[in-house]
Amino acid sequence: MRHLKTATGLVLTAVMLFPVYWMINVSFTRDQDMRKSPPNWFPVDGTLDGYRAVLDQQLPYLGVSLVVGLGTVALTLLLAAPAAYSLAKLRPRGGGALSFVLLIAQMIPGIIMAMGFYAIFLSTGVLNTVAGLIVADSTLAVPFAVLILTTFMSGIPEELLQAARTDGAGVVRTFVSIVLPVSRNSIITVSLFAFLWAWSDFVFASTLDQGGDHQPITLGIYHYIGNNNQEWNAIMATAVIASIPATILLVVAQRYVAAGVTAGAVKD
């Protein structure tokens, strides 16, 4: 029975990962072999032309995505961490209503928010800027981050905070010196998700930065796609390169993410 479950798991994993394999395979396929029937299941007579195109044309887009992703992480933590600490430990009046509003905010479709941001950014002169994308992407990450961090910080023992206050630490000092270090797992979790949302965003990018000089990698891939475009190896090579940072982050941070997501789910 155990072997059957293992085999079933391997088959399902192979099915789910097959698009990733095919993306890699196509990225090495020559243009003249793209429409071959049956297709090559392995990159026979492979080429690196797609990856050369990435290095020649897509590096600026990758750089912009990196800046937007890191900026989104910084802004998300700057807003979400103090808010979560306040909701979890300071318990301000109306905290429950605010938590409910944050939950509702995650249900708003991104395209609706993009339309609202378009009108605001157009009137404020922030349209087609990297800063505008960072602000827009942060609106997706902040509600999620506040909820995750609030759940974790609620589980921090009051005795620990009371000991800090007894030693003369104020609210800010307690937050910086005690709460943030203890909340490392949840902070890494929300940082990872914030970065991935910003890195993979297309709706905000196509709506708010379509005509900008600095565009993210999602628009870089989009510019490759056209009615007469046959450079599928370049498209897939770009997708492969764009997937590498996210893959590395997930592998490195997976144990922190598992601990951060489940934190606060079980009370002693």
Side-chain angles (χ1 to χ4, degrees), residues 20 23-24 26-27 48-80 108-145 187-226 229 231-253:
V20 178
M23 177 178 68
I24 297 174
V26 174
S27 71
L48 294 175
D49 289 344
Y51 291 92
R52 294 190 185 97
V54 173
L55 296 177
D56 292 339
Q57 305 169 22
Q58 296 293 331
L59 288 183
Y61 296 103
L62 288 168
V64 171
S65 284
L66 183 61
V67 172
V68 172
L70 294 178
T72 300
V73 170
L75 183 58
T76 297
L77 293 180
L78 183 65
L79 297 176
I108 301 175
I111 188 62
I112 295 178
M113 299 178 63
M115 292 297 99
F117 274 122
Y118 184 88
I120 296 172
F121 288 179
L122 184 63
S123 61
T124 57
V126 190
L127 195 64
N128 297 325
T129 64
V130 172
L133 276 184
I134 292 175
V135 171
D137 288 333
S138 296
T139 60
L140 296 176
V142 168
F144 170 82
I187 289 175
I188 293 176
T189 299
V190 299
S191 297
L192 177 63
F193 279 97
F195 182 87
L196 293 179
W197 280 330
W199 184 266
S200 61
D201 168 64
F202 178 76
V203 173
F204 285 148
S206 60
T207 305
L208 306 176
D209 198 27
Q210 183 68 42
D213 295 329
H214 305 286
Q215 299 178 358
I217 188 59
T218 48
L219 290 185
I221 297 175
Y222 179 71
H223 293 330
Y224 265 142
I225 302 175
N229 194 337
E231 298 180 9
W232 283 105
N233 55 2
I235 295 174
M236 293 304 176
T238 305
V240 171
I241 297 298
S243 301
I244 291 176
T247 303
I248 294 175
L249 286 175
L250 285 171
V251 171
V252 172

Verdict with reasoning, Phe121 to Leu208, per side-chain contact (heavy atoms from CB on, under 4.5 Å): CA-CA 8 Å; Phe121 288 179; Leu208 306 176; 3.8 Å; yes
Residue pair Tyr51 / Val240, side-chain heavy-atom distance below 4.5 Å: yes
Distance in Å, Thr129 OG1 paired with His214 NE2, rounded so as to fall on 0.5 Å steps: 10.0 Å
Heavy-atom pair of closest approach, residues Val203 and Asp201: N-OD1, 3.4 Å
Side chain to side chain, Pro216 and Leu133, heavy atoms closer than 4.5 Å: yes
side-chain contact (heavy atoms from CB on, under 4.5 Å) between Asp137 and Trp197, worked out: CA-CA 7 Å; Asp137 288 333; Trp197 280 330; over 6 Å; no
Distance-minimising heavy-atom pair for Val126 and Gly132: CG1-CA, 3.6 Å
Gap separating the CD1 atom of Ile244 from the CD1 atom of Ile248, nearest 0.5 angstrom: 6.5 Å
Test ring-ring contact (aromatic ring centres under 6.0 Å, His included) applied to Phe202 - qualifying residues, sequence neighbours left out: Tyr222
Closest approach of Ala205 to Thr218 (non-hydrogen atoms, all atoms of both residues): CB-OG1, 4.0 Å
Exercise: identify the closest heavy-atom pair between Leu77 and Ser191: CD1-OG, 3.3 Å
Expected output: side-chain Ser27 to main-chain Ile24 donor-acceptor under 3.5 Å: yes
Heavy-atom pair of closest approach, residues Leu62 and Ala242: CD2-CA, 4.3 Å
Working for side-chain contact (heavy atoms from CB on, under 4.5 Å), residues Val64 and Ile217: CA-CA 7 Å; Val64 171; Ile217 188 59; over 6 Å; no
Partners passing side chain to side chain contact (heavy atoms under 4.5 Å, CB included) against Leu55 (at least two apart in sequence or in another chain): Leu59
Nearest-0.5 Å distance that lies between atom OG1 in Thr124 and atom CD1 in Ile120: 7.5 Å
Geometric class of the Trp199/Phe195 ring pair [parallel <30°, tilted 30-60°, perpendicular >60°]: parallel
Atom pair OG1 (Thr238) and CG (Asn233), whose distance is rounded to the nearest 0.5 Å: 9.5 Å
Shortest non-hydrogen separation from Thr76 to Ala194 and the atoms involved: OG1-CB, 4.1 Å
Heavy-atom side-chain proximity of Thr139 to Met113 below 4.5 angstrom: yes
N/O donor-acceptor pair under 3.5 Å between Thr207 side chain and Phe204 backbone: no
